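Right, one structure below, let's go through it.
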Amino acid sequence: MHSTSALSFSQATSLPTTNYAFHSHSAVNLRFCGLRRQAFGFSFSTHSTSTRLRLSTRAHSYKISASDGNNGTPPKSFDYDLIIIGAGVGGHGAALHAVDKGLKTAIIEGDVVGGTCVNRGCVPSKALLAVSGRMRELQSEHHMKALGLQVSAAGYDRQAVADHANNLASKIRNNLTNSMKALGVDILTGFGTIVGPQKVKYGKVGSTDTLVTAKDIIIATGSVPFVPKGIEVDGKTVITSDHALKLEFVPDWVAIVGSGYIGLEFSDVYTALGSEVTFIEALDQLMPGFDPEIGKLAQRVLINPRKIDYHTGVFATKITPARDGKPVIIELTDAKTKEQKDTLEVDAALIATGRAPFTNGLGLENINVLTQRGFVPVDERMRVIDANGNQVPHLYCIGDANGKMMLAHAASAQGISVVEQVTGRDHVLNHLSIPAACFTHPEISMVGLTEPQAREKAEKEGFEVSVAKTSFKANTKALAENEGEGLAKLIYRPDNGEILGVHIFGLHAADLIHEASNAIALGTRIQDIKFAVHAHPTLSEVIDELFKSAKVKAPASTSTSTSTSSPVTEPVSA
Amino acid sequence: MASPFLSNCTISFSSSLKYSTLPRLFPSVSFSSIRFKSTPRRILTVRSKIREIFMPALSSTMTEGKIVSWVKSEGDLLSKGESVVVVESDKADMDVETFYDGILAAIVVGEGETAPVGAAIGILAETEDEIAEAKAKAASKSGASTRSAPPPAPAADSTPAPPKSTPAYAAPTVTEGPRKTVATPYAKKLAKQHKVDIESLVGTGPYGRITPEDIEAAAGILPSKTNVGPVVVAEVKPAAPTKATSDSSAPSSIPPPVPGSTVVPFTTMQAAVSKNMVESISVPTFRVGYPVTTDALDALYEKVKPKGVTMTALLAKAAAMALVQHPVVNSSCKDGKSFSYNSNINIAIAVAINGGLITPVLQDADKLDLYLLSQKWKELVEKARAKQLQPQEYNSGTFTLSNLGMFGVDRFDAILPPGQGAIMAVGASKPTVVADADGFFSVKNKMLVNVTADHRIIYGADLAAFLQTFSKIVENPESLTL
């Protein structure tokens with residue numbers, strides 16, 4: 001994910017020929033990270049709206065016929081301005097923004113609105129994690145006693161917990177559906193297939209397909225749990241996150257294959273509900289995606305004191321579900337020597353080895369697009385690239401299906417970026433400004449580069465890197481909550497104050513990261529943001545201190561209104 | 001053994017941040033309280049001129065440590081206060097420094113390896129002459145294992161350490177043969193903590209696996225989960241009837257469960273009973289028994305029975321009327337410092353319901369007439385069976401009545417429920433030969449009544465007087481129907 005996202009840095013102005021007629025008047029491409037400042041000095045923002053709308057109805061047919069002669073026959077007029085295939089969080093974000101921009105929009109969904117995130121991912125898992133967080137607190141006699149509380153017996157009703165997760169998913173699903181209906185997005189039911197340029201058919205299995213045309217098409221079909229071969233998923237004792245979120249049973253002992261976000265979150269849920277957990281990780285370290293220092297600390301808090309053990313550097317090469325009076329049997333193979341190393345006997349196995357793109361049956365062969373391990377190849381503007389390395393006009397792919405950054409909010413941001421482009425404003429999403437979070441107790445969050453990545457980049461580009469850290473132990477609010485465990489880490493350039501990455505492990509880390517991600521997105525430098533005021537006492541002061549503890553050589557920009565040098569124009573009450 | 005000494009301890013990964021986790025789950029021992037003031041700490045001990053460098057205890061919960069890296073190599077000259085080795089504990093990585101000048105003669109535990117707290121991880125020689133001797137010593141330290149000091153053979157631990165957290169099972173376990181030991185993650189952790197040899201145990205869990213309970217049994221410690229069995233008396237606090245995760249490790253006299261026994265967690269009601277019973281231990285109680293003649297009461301009962309009056313209602317009414325005259329028996333002691341006199345007389349009556357026990361309360365039993373009281377009681381029992389009692393209907397009692405007479409029990413002893421002053425245990429009424437003052441024998445129905453009371457507020461004479469009054473009321477029961 002990091003290597004792909006780094007692309008967006010360098011190519012902002014070196015675009016090959018664009019397909020948009022109206023683009024030619026704006027040679028300057030706006031970069032997302034400089035968005036706010038540059039927009040003011042730039043004339044197009046005021047009159048582009050009218051231009052864009054006019055062009056979006058007429059200019060295309062003319063332009064397209066000129067550019068697409070050899071790739072099927074594009075229609076002369078369109079049923080929709082924009083069709084989105086897949087109504088997950090990415091498609092939803094794109095649809096809402098498209099309507100906002102005045103586009104006639106349809107969304108095709110073959111399953112349920114909301115996609116993975118709402119139905120089988122982030123949303124129901126947050127319900128389970130809300131339960132596990134409370135269970136953990138209530139079970140921690142020491143923690144309770146420190147607060148002066150007495151709790152005699154904390155127990156749970158599995159079905160009621162499962163219902164909570166399910167009810168939350170349906171509520172969010174309804175909200176999503178209603179928000180699109182209310183705005184006039186057509187929800188077309190069925191599996192969407194691309195039959196040619198700007199043409200999509202959709203229909204349910206067994207019924208006749210309907211053909212629709214659109215000026216632009218966004219593929220947002222998402223992903224499904226990835227199950228390595230050799231593993232037999234029966235949905236009962238060998239399960240993926242899809243099944244685990246239904247919480248149909250709480251095994252006494254569950255092996256979790258993969259120690260990324262999904263595996264970690266489920267270990268939090270299962271151990272809080274009384275299970276014991278064994279992690280199986282192919283790499284040498286648990287939590288391989290995280291900043292090493294954060295990962296190490298997280299392991300001390302989230303793994304070692306809990307009823308969890310782990311096997312690293314091994315593949316689960318064969319997993320057989322429990323049957324014929326035998327438990328789930330897992331064969332472990334050394335990741336390096338490929339020798340069989342061990343077998344495990346457990347009550348259940350959760351496969352959390354990542355997610356595979358869901359792009360089969362999309363009809364990509366009709367437009368000469370070859371997927372790479374299932375992922376749809378795109379450029380940094382989410383434009384689909386065909387087998388010959390050329391852009392496919394009017395076709396975009398966002399979210400898990402392109403594999404750039406497999407996060408719901410990244411998909412949505414990519415969708416919005418695409419809508420910006422098709423409505424006449426060039427836009428490149430800075431993936432390094434997209435935060436990520438893992439909702440364990442306490443939470444882990446991050447944005448930008450890890451320390452090793454930053455050091456590598458610094459070496460290549462010849463700049464200096466510094467690291468600042470603050471502890472939750474020094475934060476009043478965290479101590480009041482008796483949750484002083486945690487660390488925030490800032491990786492930055494001491495010469496110009498640029499924020500390269502922020503990593504937080506601690507209470508409400510997932511909510512705290514946005515101050516840093518917004519700063520990266522808007523290009524705010526440390527020397528400026530350190531003057532911003534935080535309410536006291538709040539957890540956000542952990543980040544405030546982090547910025548303040550950074551040693552930046554560059555002076556604060558004088559325009560910062562909160563800086564001490566600027567005159568106070570508003571009346572101030574004493 | 002030589003004397004331990006102290007050295008500075010810094011936290012290795014950051015100079016600006018005094019970061020470490022305080023032991024949250026475990027009470028800190030004196031050691032940990034000085035841990036992060038960068039104050040001295042023990043690591044080495046002295047034995048003549050060759051000293052062993054021991055694995056330090058860097059936290060109160062640390063049982064073993066992993067060598068992250070040796071800052072010094074074999075043959076390096078060490079001076080007091082220098083960092084020698086970085087050790088990873090369960091909480092943090094820390095630099096361990098030497099307090100002696102000397103030469104690092106041999107490294108016993110290599111980088112990436114683990115050793116229990118107190119085990120020798122390196123050998124320090126005072127002069128070059130002693131290096132050979134020190135090396136020999138190091139070799140003997142790691143003698144049992146195949147590894148000698150310098151070669152970086154990633155063999156087994158050089159010390160008889162308990163199994164690692166990710167135990168590498170003997171390689172050829174795949175083939176058929178003797179079944180390998182399977183232990184759950186928590187069982188392994190507990191085994192390490194309590195130094196229990198997993199291989200020596202027979203698992204009682206599913207598929208013969210070793211469970212945390214097996215380890216606890218082997219280590220003779222109190223299980224963290226609730227044990228089935230009689231009312232919890234030995235425990236100070238009842239454990240939660242859930243799959244709770246508390247790291248209690250207090251020693252206990254509770255024997256390990258018999259193999260094949262099943263553990264059934266308490267229901268909410270049973271948990272509440274357990275809690276109340278355990279709490280009752282903190283109240284100093286005493287008991288006074290009294291025989292009561294019930295011929296007149298029995299006669300009255302026969303008369304009023306057709307009107308729906310039950311024996312329970314009669315006894316409740318009699319107790320309530322006696323309590324009117326002895327308010328202290330209806331009082332309670334809330335804070336250990338004062339009497340709380342209750343303005344109402346609410347008689348709680350213990351009722352066994354399926355799998356539990358509840359005490360519906362007849363409020364103002366002294367004021368209601370017998371018939372109303374009987375009707376009320378009938379309603380309460382129905383509600384109790386349907387589990388529809390409101391809290392006010394089972395927790396407002398000021399005095400409790402428990403009757404096992406219907407089973408033929410002649411006398412028994414009741415436990416005083418928290419928040420009340422006294423409880424009356426009523427046995428069966430039986431025909432008994434009695435001799436009166438004139439020496440005439442006769443047969444009368446006698447019932448033994450035994451009252452348990454809180455001696456902080458109710459004394460022997462109080463209870464005796466109350467029982468005498470109760471006895472008179474029962475023996476002359478006409479007043480009950482008034």
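Since the structure is predicted, the reported quantities are computational estimates derived from the model, not experimental observations. Below, chain A is the first sequence line, B the second, and so on; all start at residue 1.
Looking at Lys189(B), its side chain never comes within 3.5 Å of a backbone N or O of Asp309(A) through a donor-acceptor pair.
Nearest heavy atom pair, residue Ala183(B) against residue Trp253(A), reads O-CH2, 3.2 Å. Taking all atoms of both residues into account, the shortest heavy-atom contact from Arg209(B) to Glu345(A) is NH2-O, 4.0 Å. Contact detail for Tyr207(B) and Gly325(A): the closest heavy-atom pair is CE2-O, 3.3 Å.
Proximity to chain B (any heavy atom under 4.5 Å) is restricted, for Arg306(A), to the backbone atoms N, CA, C and O. The contact between Ile303(A) and chain B is made entirely by backbone atoms, counting heavy-atom distances below 4.5 Å. Contact annotation for Val277(A): only backbone heavy atoms (N, CA, C, O) come within less than 4.5 Å of a heavy atom of chain B.
Between Pro185(B) and Ile308(A), the closest side-chain pair of non-hydrogen atoms is not below 4.5 Å. Under the 4.5 Å side-chain criterion, counting only non-hydrogen atoms from C-beta, Glu276(A) is not in contact with Thr211(B).
Under the rule for a salt bridge (charged side-chain N to carboxylate O under 4.0 Å, His left out), Arg134(A) has no partner lying at least two apart in sequence or in another chain. Residues passing the salt bridge (charged side-chain N to carboxylate O under 4.0 Å, His left out) test with Lys326(A): none are found, sequence neighbours excluded.
Counting non-hydrogen atoms of other residues, nucleotides and ligands closer than 6.0 Å to CD of Glu279(B) gives a total above 12. Shown here is Lys236(A), whose NZ atom has no more than 12 heavy atoms of other residues, nucleotides or ligands within 6.0 Å. Dense packing is recorded around NZ of Lys338(A), with more than 12 heavy atoms of other residues, nucleotides or ligands lying under 6.0 Å away.
With rounding to the nearest 0.5 Å, the separation of OG1 in Thr271(A) from OH in Tyr186(B) is 12.0 Å.
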